[in-house]
Participant: 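Got a structure here, written out as structure tokens. Questions coming.
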Amino acid sequence: MATVVLVGTLDTKGVEYGWLRERLLGQGVEVLVVDTGALGTPRIAADVPGEDVARAAGADPEALRAAGDRGAAVTAMADGAAEIVSRLYARGRLHCVLAIGGSGGTSIATRAMRGLPLGVPKLMVSSMASGDVARYVGSSDITMMYSVVDIAGINPVLAPVLANAADAAAGMAKGFAASPRALHPAALASGGRPLVAASMAGVTTPGVDAARARLAELGYEVLVFHVSGTGGRTLESLAGQGVFAGVLDLTLSELADDLVGGILTAGPDRLTAAGRAGVPQVVSLGALDMVKFGPPETVPAALRHRDPLVHNPSISVIRTTPGECEELGRRIAAKLRTARGPVEVCVPLRGLSTLGAPGGPYHDPAVDGALFTALRAGLEGSAVRVVDHDTHINTEEFGRSAADRLHRLIPAARRPGAAPGEPTAERGGPPGAPGAAGA
């Protein structure tokens, strides 16, 4: 029978979890309740009591209760819940995990959810879900549902929200039990067609689409990651686990946000995981001509003189400066120099985005040139090849050329339909290839 695992603090949310359990049982699924409360008395009985959760984290439940330190208790119970949930999944006793809570309960439950493979249903009903949920979701596939009101007793507003959550969890559990679809990194890497990661933003979509189409022609499956901060972190996580045969990292705007203070940063480790893992990479400089913020009024006062451009109702952008471009070039070069696998950088000389193409508001060859010059200087003497393209990033010619270059860098053993004995990598095209001017 399909099983839904409820993970929650039964000392503060016991009534609500009891209501959820009855709703789920009425939907014909089995229910297991895991208590993550450490400081109070549970209001309903749990299948896995809080003492067992604490011990799973290596903590002493009596010591936690005596200390009364909520922060320490939340940390321990989150670690313990992650261990318990993983064990239940390994034993075939979990087909969906459902939780409800405020900030503390959401932190505990989503820590457990993030430890499960992609594809395992995960639903979090939270009073925190209408804000920034990146710290809860991370690079996982957690579904967040806003509770509208605080989770403090069953009332006319909360009841339909919880009913929808329970019904959704029951349906997902039944579907998953009938057809498991968990995506383990090893299974992804050893599946049918070799996987390639590609980074993309709206302003680099035409070029990346052309590259994606070419890679599909060559026999690859392309996973596209939107450079939204979370997208870049997910790409890095999977690349570090060896999921990809190659990485086509054409859009690096998260690095500009990290440098200048934009809202879509993936952190300082962006553009490092594939290099550490020795995964072949073709890299470009897409969308480094801009830094992303929220609506215009959210742009920091110190930057408003740079004439923010409204990209959509939620995003405003400013143009990167020559100094920022120089620093980005240095940072990118420093990251790529340490790569253990083959790397090529494709430089679109005529623009880095739809805004930076000829005629666009951010088309500025001199500013882009500061980026290119610093990048080349930082890579001088390294094994990384820099290839100039006399076009902008969103042409079909550019995208297909980048795809072909990545295909040549990927070892024969990981290429689609590669014949035994085929050379493992070809560093760029032959001398005099169109658009190629290696550094």
Participant: Is the CZ atom of Arg70 crowded by more than 12 outside heavy atoms at less than 6.0 Å?
Facilitator: no

Participant: Do any N or O atoms from the side chain of Asp289 and from the backbone of His363 form a donor-acceptor pair under 3.5 angstrom?
Facilitator: no

Participant: Can you confirm whether Ser103 sits close enough to Tyr136 that some side-chain heavy atom of one is under 4.5 Å from a side-chain heavy atom of the other?
Facilitator: yes

Participant: Tell me whether Thr251 contacts the main-chain N or O of Gly286 through its side chain, where contact means a donor paired with an acceptor under 3.5 Å.
Facilitator: no

Participant: Would you call Arg376 and Glu380 a salt bridge, using N to O less than 4.0 angstrom?
Facilitator: no

Participant: Is there any side-chain hydrogen bond (donor to acceptor under 3.5 Å, both in side chains) pair reaching into residues 260-276, and which pairs are they, with sequence neighbours excluded?
Facilitator: Glu236-Arg270, Asp249-Arg270, Glu254-Arg270, Asp258-Thr265, Thr272-Arg276

Participant: Evaluate whether atom CD of Glu396 has more than 12 neighbouring non-hydrogen atoms of other residues, nucleotides or ligands under 6.0 angstrom away.
Facilitator: no

Participant: For Glu324, is there an ion pair with Arg306 - N to carboxylate O distance below 4.0 angstrom?
Facilitator: yes

Participant: Could you state the interatomic distance from CG (Leu303) to CZ (Phe293), rounded to the nearest 0.5 Å?
Facilitator: 5.0 Å

Participant: What residues form a side-chain hydrogen bond (donor to acceptor under 3.5 Å, both in side chains) with Thr320, not counting sequence neighbours?
Facilitator: none

Participant: Return the CD1 to SG distance between Ile393 and Cys346, rounded to the nearest 0.5 Å.
Facilitator: 9.0 Å

Participant: Would you name the heavy atoms of Arg93 and Thr3 that are closest together and state the gap between them?
Facilitator: O-CG2, 3.2 Å

Participant: Could you measure the distance from the CG atom of Leu328 to the CG atom of Leu259? Nearest 0.5 Å is fine.
Facilitator: 5.0 Å

Participant: Should the pair Asp368-Arg319 be classified as a salt bridge under the 4.0 Å nitrogen-to-oxygen rule?
Facilitator: yes

Participant: Got a donor-acceptor contact below 3.5 angstrom from the Ser86 side chain to the Ala82 backbone?
Facilitator: yes

Participant: Are any of the side-chain heavy atoms of Ile332 and Leu285 separated by less than 4.5 Å?
Facilitator: yes

Participant: Considering non-hydrogen atoms only, spot the tightest contact between Thr36 and Ala81 and give its length.
Facilitator: CG2-CB, 3.8 Å

Participant: May I ask you to decide if Pro295's main-chain N or O and Thr298's side chain share a donor-acceptor pair within less than 3.5 Å?
Facilitator: yes

Participant: Are the side chain of Gln27 and the backbone N or O of Arg23 linked by a donor-acceptor pair below 3.5 Å?
Facilitator: no

Participant: Should the ring pair Tyr89 and Phe176 be called parallel, tilted or perpendicular, given that the plane angle runs from 0 to 90° and is split at 30 and 60?
Facilitator: tilted

Participant: Does the Arg304 side chain pair with the main chain of Val299, one donor and one acceptor, at a distance under 3.5 Å?
Facilitator: yes

